[in-house]
Amino acid sequence: DAITIPTLGNTIDFNNLTANLAGGYATADRTRVVHSGGIGPRAYTPGVTIQSIQYANFASTGDYVAGGDLGNTRAFGAAVCDATRSICGSRGMPSYHTSIDYFNTQSAGGGQDFGDIHTAKGYSYGMMSSTRGLIAGGVYCCPGVSYNNVEYVTISATGNATDFGDLSSGRYEGASFGSSTRGMVACGSSNTRVIEYFTIASKGNATDFGDSVNVYGTGKYGASSPTRGVFGGGSSPAGSHTTIIEYVQIQTQGDSLDFG
């Protein structure tokens, strides 16, 4: 599905992946959107985790086209990117792992080893500026141990992630988005409604931004323009799901508003 971020409204049909997948890594440049890895046709057993990379162009509604492969199979992690490079870090399936892969976004292939995050975990949040990528939170199961630590990488380089700061609490599987200066984390495990932000250029802990207006906190998706962050979907404490989409103005603070 697709939305026009400056304009409030419901999603429209955009295109289809090459297969039914969950837990993939989404990155993009100004013309191309890329989907990497994932698990299908079901999100868990007997789903099969893949390493394939596929892409589509924003200017058309044509279906995704197969590209190359990541360095390993992976699903349910965090993705960051700049204008040329896509990075996939954190992994929840087929097993929890520390590895980080990268590839050229336009070529959509040839995944290579970037380095490692500090702890094997999955379902993390990914945010980025034009130079720095943040990987926040996550979980290792089982037993279920959730993390509040935030790490960063310099996107144009390679190497292991470096400590950045902390979320206000350990959580995972929420929405993340941001601008060129601010990274944001919304909602997540235990159906938290908390929204927090970081100044990406400066190491430090998360700052409170506001709250989501609904209780469907876990399993959300996020997207953003330079000024507006949009997040939606998710499940409730009772296990039901929602199609609600919300938004915030990234450079301000306050609770979310209805988008569509």
Side-chain heavy atoms of Tyr152 within contact of Asp163, under 4.5 Å | no
Keeping the roles fixed (side chain from Gln54, backbone from Thr18), state whether a donor-acceptor pair exists under 3.5 Å.
-> yes
Non-hydrogen side-chain atoms of Glu246 and Lys220 separated by less than 4.5 Å | yes
Mind checking what makes side chain to side chain donor-acceptor pair (under 3.5 Å) contact with Ser190, not counting sequence neighbours?
-> none
Of all heavy-atom pairs linking Ser179 and Pro226, the shortest is CB-O, 3.4 Å
Which pairs with one or both residues in residues 124-143 pass ring-ring contact (aromatic ring centres under 6.0 Å, His included), sequence neighbours excluded?
-> Tyr96-Tyr140
With a cut-off of 3.5 Å and sequence neighbours excluded, list every side-chain donor-acceptor pair involving residues 141-151.
from	atom 1	to	atom 2	distance (Å)
Asn148	ND2	Leu167	O	3.4
Asn149	OD1	Lys121	NZ	3.3
Asn149	ND2	Glu151	OE2	3.4
Glu151	OE1	His118	N	2.8
Glu151	OE1	His118	ND1	2.6

Co-members of the apolar cluster containing Ile12 [side chain, <4.5 Å] = none
Where do Thr131 and Asp82 land on the side-chain contact (heavy atoms from CB on, under 4.5 Å) test, with the steps shown first?
-> CA-CA 7 Å; Thr131 59; Asp82 63 10; over 6 Å; no
Any pair with a residue in residues 170-208 that passes ring-ring contact (aromatic ring centres under 6.0 Å, His included), sequence neighbours left out, goes on the list, sorted by first then second residue, please.
-> Phe164-Phe198, Phe177-Phe231
Whichever hydrophobic residues join Ile100 through chains of side-chain contacts under 4.5 Å = Val80, Ile87, Tyr102, Phe114, Ile117, Met128, Ile135, Val153, Ile155
Just checking, is any N or O donor in the side chain of Thr105 or Ser86 under 3.5 Å from an acceptor N or O on the other one?
-> yes
Identify whether Leu8 and Val230 are in the same connected component of the hydrophobic contact network (ILVMFWY, side-chain heavy atoms under 4.5 Å).
-> yes
Sidechain-backbone polar pair: Thr98 side chain, Asp116 backbone, donor-acceptor under 3.5 Å | no
Distance-only side-chain donor-acceptor flag, Gln106 / Asp29, under 3.5 Å | yes
Using the salt bridge (charged side-chain N to carboxylate O under 4.0 Å, His left out) rule, collect all pairs that involve residues 178-206, keeping only residues at least two apart or in two chains.
-> Arg171-Glu196
Mind checking side-chain contact (heavy atoms from CB on, under 4.5 Å) for Ser225 and listing every partner two or more places apart, or none if nothing turns up?
-> Ile5, Thr227, Arg228
Under 4.5 Å between side-chain heavy atoms, chaining through other members, with only Ile, Leu, Val, Met, Phe, Trp and Tyr counted: pull out the rest of the cluster around Phe14, sorted by chain and number.
-> none
Polar side-chain atom of Asn15 near backbone of Gly62 as donor-acceptor pair, under 3.5 Å = yes
OG on Ser107 to CD1 on Ile53, rounded to 0.5 Å = 8.0 Å
Kindly indicate whether the side chain of Thr181, heavy atoms from C-beta on, has any atom under 4.5 Å from the side chain of Ile200.
-> no
Residue pairs, two or more places apart or on separate chains, that pass salt bridge (charged side-chain N to carboxylate O under 4.0 Å, His left out) and touch residues 136-147 | none
Just wondering, are more than 12 heavy atoms of other shown residues or ligands nearer than 6.0 Å to CG in Asn160?
-> yes
Connected to Val194, directly or through other members, by ILVMFWY side-chain contacts below 4.5 Å are none
For residues 68-77, dump all side-chain donor-acceptor pairs below 3.5 Å to protein atoms at least two apart in sequence or in another chain.
from	atom 1	to	atom 2	distance (Å)
Asn72	OD1	Arg91	NH1	3.4
Arg74	NH1	Tyr25	OH	3.3
Arg74	NH1	Ser90	O	3.1
Arg74	NH2	Ser99	O	2.9
Arg74	NH2	Ser99	OG	2.8

